[in-house]
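We use all heavy atoms of the structure for the numbers below, so side chains are in, but hydrogens, waters and symmetry mates are not. Worth saying up front: this structure is predicted, and the values here are computed from it rather than measured. Start at 1 and go down the list; that is how both ligands and their atoms are numbered.
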Amino acid sequence: MESFGARLHRAVSERGPLCVGIDPHPALLARWGLTDDVDGLSRFARTVVDALGDRVAVVKPQSAFFERFGSQGVAVLESTIRQLRDYGSLVLLDVKRGDIGSTVRAYASAYLDPSSSMYVDAVTASPFLGVGSLDPMFELAAEHGGGVFVLALTSNPEGASVQRARGADGRTVAQTVIDEISQLNAGAEPLGSFGLVVGATVGETGCDLSAVNGPLLAPGLGAQGATAADLRVVFGSALPAVLPSYSREVLGAGPDPEALRAAAERAVADCRAVLASS
Ligand SMILES: O=c1ccn([C@@H]2O[C@H](COP(=O)(O)O)[C@@H](O)[C@H]2O)c(=O)[nH]1
């Protein structure tokens, strides 16, 4: 199967550099006139999928907002994933999984094995039990053309005290993660399948992203305060690999499908202008 990196490269070329999150916050359900229950969740997700699934390169359901409704919420997540795939957008499930390797293998089967009902194109993963503990995810992703986005510098203010801490060799924790993911992507063309998450809110990273050769997911735009212009400061010469990610900023325009599309188009235009200047 074609690699995730190659599929992502094509999707971004055809549809533009944008990832839109499906984050059905209770406040958004209320704003859309929906009930805070499984029916509201289902209507919300279906509206986003029908409005954006045929035009946005990557859609990123936030698993937490589905899981909070238990097994019925997970059933909605499964159908949302299927619908997105039918529309042709790549599905990045934001689950931030991480554990000892033998347990990570089970997470990998859940999300990256084509026979699973929750099979997606890529997942987010947490490296804080050691990047090597994620090997079963990397292996299954490589086998089935999937991708893994590993947290490096997260967009929340609490992340820096852990991620910018320095190890015995003088490198920050974030740089260690970056270096290990870079090794996995070495030689891949046109783009590696293993990405990093670097928040658009983090300012100058102090990190070397030049050898990553994989996608850089940038959440934190819009609702968390970062703007497209901030991408230049955070990513510098690594800008061409950035996949900007918006959730509430775009979702807040709903439930009118035309308004959702217009918000996504604005986001792509803002980001294109910055990415093209690199
Ligand atoms: O560092 C990170 C990693 C992931 N996220 C996730 O992205 C969205 C952001 O939503 P907004 O509404 O655009 O703020 C959300 O699902 C987070 O869990 C992140 O924000 N930062």
Colleague: What atoms in ligand 1 come closer than 4.0 Å to a heavy atom of Arg248?
Modeller: 11 (P), 12 (O), 13 (O), 14 (O)

Colleague: If you count the atoms of ligand 1 from 1 in the order shown, which ones are under 4.0 Å from a heavy atom of Asp94?
Modeller: 4 (C), 6 (C), 7 (O), 16 (O)

Colleague: Glu249 to ligand 1: N or O pair under 3.5 Å?
Modeller: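 No - when backbone and side-chain N and O of Glu249 are compared with those of ligand 1, no distance drops under 3.5 Å.
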
Colleague: Check the side chains of Asp230 and Thr227 for a donor-acceptor pair under 3.5 angstrom, ignoring hydrogens and angles.
Modeller: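 There is such a pair between these side chains.
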
Colleague: Salt-bridged, Asp256 to Arg261, with N to O below 4.0 Å?
Modeller: no

Colleague: Starting from atom 17 (C) of ligand 1, find the nearest protein heavy-atom neighbour and note its residue, name and distance.
Modeller: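 Here the closest protein heavy atom is Gln62 NE2, 3.9 Å.
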
Colleague: Does this structure show an ion pair linking Asp121 with Arg85, if we count only N-O contacts that are shorter than 4.0 Å?
Modeller: yes

Colleague: Please state which option from Gly199, Gly21, Gly252, Ser247 has its nearest heavy atom closest to atom 10 (O) of ligand 1.
Modeller: Ser247

Colleague: Going by an N to O cut-off under 4.0 Å, is there a salt bridge joining Asp86 and Arg82?
Modeller: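 Salt bridge flag = no for Arg82 with Asp86.
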
Colleague: Can you check whether Tyr119 and Tyr111 have ring centres sitting under 6.0 Å from each other?
Modeller: no

Colleague: Mind checking whether His25 has a heavy atom under 4.0 Å from ligand 1?
Modeller: no

Colleague: For atom 15 (C) of ligand 1, find the nearest protein heavy atom and state the residue, atom name and distance (0.1 Å precision).
Modeller: Asp23 OD2, 3.1 Å

Colleague: Under a 4.0 angstrom heavy-atom cut-off, which atoms of ligand 1 come close to Thr154?
Modeller: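 Reading through ligand 1 atom by atom, the close ones are 1 (O).
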
Colleague: Looking only at protein heavy atoms, which one is nearest to atom 21 (N) of ligand 1, and what is the separation?
Modeller: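 Answer for atom 21 (N) of ligand 1: Ser155 OG, 2.6 Å.
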
Colleague: For Gln224, is the nearest heavy atom under 4.0 Å from an atom of ligand 1?
Modeller: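 A heavy atom of Gln224 does come that close to ligand 1.
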
Colleague: Is the shortest distance from a Lys or Arg side-chain nitrogen in Arg266 or Asp270 to a carboxylate oxygen in the other one below 4.0 Å?
Modeller: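 No, this pair does not count.
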
Colleague: Does the N or O separation between Lys60 and ligand 1 drop below 3.5 Å for any pair?
Modeller: yes

Colleague: Determine all donor-acceptor pairs shorter than 3.5 Å in which one atom belongs to a side chain in residues 233-247; sequence neighbours excluded.
Modeller:
unit_1 : atom_1 : unit_2 : atom_2 : d
Ser247 : OG     : Asp23  : OD1    : 3.0

Colleague: Note the single closest protein heavy atom to atom 3 (C) of ligand 1, along with its residue, its atom name and the distance in Å.
Modeller: Lys96 CE, 3.6 Å

Colleague: Side-chain contact test, heavy atoms from C-beta onward, threshold under 4.5 Å: evaluate it for Asp208 versus Ile178 and give yes or no.
Modeller: no

